[in-house]
Amino acid sequence: MNASYQEIGEAIAAHESFVILSHVRPDGDAIGSQLALGMALEAAGKKVRLINEDGLPDNLAFLPCSDRIETPPAEPLDVEVAIALDTATKPRLGDAALHAASNAKLWINIDHHKSNPGYGDLNHIDSRSPATGQILYQLITALGLPLPAASRDAIYVAVSTDTGSFQYPSTTADTYRMAADLIDSGLDVGGINSLTYDNHPFRRVELMRSLLNTLELDGGGRVAHWELTMATRDALGLKPEDSEGLIDIIRGIEGVIVAVFFEELPGGKIRVSMRSKDPRVDVCHVCMEFGGGGHALAAGIRMAGPLAAARDRVLAAVRLALPAV
Ligand code: 5GP
Ligand code: MN
């Protein structure tokens, strides 16, 4: 059962100290959501800590107040409330972050992943929302909370990055109305887009070159996949965020319905990213078979290696999910 914005507002009003969390390997919606709500609550006079298991990725360091994102301290924080944002399952917050939040007596869970089981005391899961950042904009507006410039910019980046720059079918008229409101309140739209999309490190383009060399089609041309090995990761000195968004390149191939990105992670696990551009193929459903999750058109898995075995198992499941021809 979803808590209303009013109920969440009452819980916020009744407490003073908050830790705001989001998922491991944070993307624009994760960090953007933490900053958006965190800076709004702070402007409303609350005590706020922003904790992420993996800290702030370099590609989001342009966001105002992003230096407020901390890696988890060793000792549990003295906070009353923990708020999990954009995180489909509680373990995806990370062990150290969960330990840091372990003194919280109330958990609030705000997300847009349809696979979210509702692990908070108060849950607001809206799977029709294209980004957690858009839910937070509605929450902040509905509650009449302040919207400082740092929250405004963070919301824009959260929604822009989770909608492929306002392109995916999850984008709604409300999304565009929200963006218009943010611009009306002073957002520098050209500047922030440039910092988000035109400022990649050179090694990311080298990664693209290396990925293209592994590109293959499957399923009669309806599946495209590529892969990143630990050897390439080491050779190029890659950071986790360097591969963010690259899957859109193979998703864009004519005739391709499903794009799959396989990545060897340090420690031997395999990260799988999956995208569909046909509503008949629900990649969240495919990923849940392997313990992953996400959205119907964008989902992922962490699974055991080795890479070749994971690839074969996942591609077999993807082929079964393709519509009959
Ligand atoms: P990405 O491919 O960009 O990492 O993730 C796409 C979507 O799938 C995101 O919404 C993300 O939260 C979800 N996702 C990615 N990896 C996992 C995973 O290992 N487990 C779950 N439950 N969701 C995932
Ligand atoms: Mn998201």
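Atom set for the values below is all heavy atoms of this structure, side chains included, hydrogens, waters and symmetry mates excluded. Numbering of ligands and ligand atoms starts at 1, following listing order.
Taking the Mn ion (ligand 2) as reference, Asp86 places its N/O/S atom OD1 nearest. Minimum-distance N/O/S atom of Asp162 relative to the Mn ion (ligand 2): OD2. Note on Asp29: its N/O/S atom closest to the Mn ion (ligand 2) is OD2.
Residue contacts with ligand 1 leave out Ser115, since none of its heavy atoms falls under 4.0 Å from the ligand.
Those atoms of ligand 1 with a heavy atom of His113 less than 4.0 angstrom away are 9 (C), 10 (O), 11 (C), 12 (O). When each atom of ligand 1 is checked for a heavy atom of Arg271 under 4.0 Å away, the hits are 1 (P), 4 (O). Atoms of ligand 1 found under 4.0 Å from any heavy atom of Ser273 (numbered from 1 in listed order, with element): 1 (P), 2 (O), 4 (O).
Of the heavy atoms in His295, only side-chain atoms (C-beta onward) come closer than 4.0 Å to ligand 1. With a 4.0 Å heavy-atom cut-off, ligand 1 is reached by the backbone of Ile301 but not by any atom from C-beta on. Under 4.0 Å from ligand 1, not a single heavy atom of Arg25 appears.
Between Ile12 and Lys46, the closest heavy-atom pair is O-NZ, 3.1 Å. Across every non-hydrogen atom of Arg302 and Arg25, the tightest pair is NH2-CD, 4.1 Å.
Of the protein's heavy atoms, Gly300 CA, 3.4 Å lies nearest to atom 15 (C) of ligand 1. Scanning the protein heavy atoms around atom 3 (O) of ligand 1, the nearest turns out to be Arg275 NH2, 2.8 Å. Taking atom 7 (C) of ligand 1 as the reference point, the nearest protein heavy-atom neighbour is Ala298 O, 3.4 Å. Closest to atom 22 (N) of ligand 1, if we only count protein heavy atoms, is Gly293 N, 3.3 Å.
Between Cys284 and Lys114, the closest side-chain pair of non-hydrogen atoms falls below 4.5 Å. Using a 4.5 Å heavy-atom cutoff, the side chains of Arg271 and Ser243 are in contact. A 4.5 Å side-chain heavy-atom check between Val79 and His15 finds every atom pair outside the cut-off. Considering only heavy atoms from C-beta on, His225 comes within 4.5 Å of Phe262 through its side chain.
Taking any N or O of Thr89, backbone or side chain, none lies under 3.5 Å from an N or O belonging to ligand 1. No N or O atom of Asp86 sits closer than 3.5 Å to an N or O atom of ligand 1.
At distances below 3.5 Å, at least one donor-acceptor pair connects side-chain atoms of Ser102 with backbone N or O atoms of His99. Using a distance-only test at 3.5 Å, with no hydrogens or angles considered, a donor-acceptor pair links the side chain of Glu241 to the main chain of Asp58.
Between Asn116 and the options Thr87, Thr89, Asn109, a side-chain hydrogen bond (donor to acceptor under 3.5 Å, both in side chains) holds for only Asn109. Residue Ser22 is tested with Asp54, Asn52, Asp111, Thr132 for a side-chain hydrogen bond (donor to acceptor under 3.5 Å, both in side chains); the sole match is Asn52.
Residue contact annotation: His112 places an N/O/S atom under 2.8 Å from the Mn ion (ligand 2).
For the atom pair OG of Ser33 and CG of Asp86, the computed distance is 5.5 Å after rounding to the nearest 0.5 Å.
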